[in-house]
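For reference, positions follow the sequence shown, starting with 1.
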Amino acid sequence: QVQLVESGGGLVQSGGSLRLSCAASGRTFSSLTMGWFRQAPGKDREFVAGIRWSGITYYTDSVKGRFTCSRDNVKNTLYLQMNSLKPEDTAVYYCAAALRAWGVKESDEYDYWGQGTQVTVSS
């Protein structure tokens, strides 16, 4: 079992920054593929960023250059640094973990999900 708990969401002005954290349980963290997804009102859940055990990262085009995904395998924690936030980034952000994933961007590759944390960006 892997449990994921997100934190760091909140309300921020357009152009501001937030850092999301995802604390993971279990000794297998360093081997997990980790991802961030988000779901905006009236929209489907979409991939935001992901990171393999090796540290290789992936981003959806809309956040490239603004968001940075990283992991600390000692602390068993995943991070998403979000800069230059836009109102379009408003969504519930979910942390996800995959035990053995060939893909990173597909939600059905992930085995465990956090409860989500709300990010609201005002214009």
Rounded at 0.5 Å granularity, tell me how far CZ in R100 sits from CG in L32. 10.0 Å
Does CD in Q39 sit with more than 12 non-hydrogen atoms of other residues, nucleotides or ligands closer than 6.0 Å? yes
As an exercise, state the distance from CZ of R52 to OG of S31, rounded to the nearest 0.5 Å. 13.0 Å
For K64 and D61, work out which heavy atoms get closest and say how close. NZ-OD1, 3.0 Å
With a 3.5 Å distance limit and no angle check, can you tell me whether S123 reaches the backbone of P87 through a side-chain donor-acceptor pair? no
Within-4.5 Å side-chain heavy-atom neighbours: W113 and L4: no
Can a donor-acceptor pair be found between the side chains of Q118 and T120 at a distance below 3.5 Å? yes
Reference residue T33; test side-chain contact (heavy atoms from CB on, under 4.5 Å); the match among D111, L99, I56, V104: V104
Is there a side-chain contact between W36 and L78 (heavy atoms, below 4.5 Å)? yes
Carboxylate-amine/guanidinium proximity below 4.0 Å for R66 and D89: yes
Rounded to the nearest 0.5 Å, how far does CE of M82 lie from CZ of R38? 9.0 Å
Go through the steps for S17 and Q81 under the test side chain to side chain contact (heavy atoms under 4.5 Å, CB included), then give the verdict. CA-CA 8 Å; S17 298; Q81 178 66 47; 4.0 Å; yes
Atom CZ in F67, atom CG in L18: separation rounded to 0.5 Å? 9.0 Å
Would you say L20 and V119 make side-chain contact, with heavy atoms under 4.5 Å? yes
Ignoring hydrogens and angles, tell me if any N or O in the side chain of T90 forms a donor-acceptor pair with the backbone of V121 under 3.5 Å. yes
Decide yes or no for R71 and Y79: does some side-chain heavy atom of the first lie under 4.5 Å from some side-chain heavy atom of the second? no
Taking the side chain as everything from C-beta on, heavy atoms only, tell me whether E6 gets closer than 4.5 Å to Y94. yes
Distance col, row Y59:OH vs I51:CD1, nearest 0.5 angstrom, shows 7.0 Å
How long is the gap from SG on C69 to CE on M34, to the nearest 0.5 Å? 8.5 Å
Would you say the ring centers of F47 and F37 fall short of 6.0 Å from each other? yes
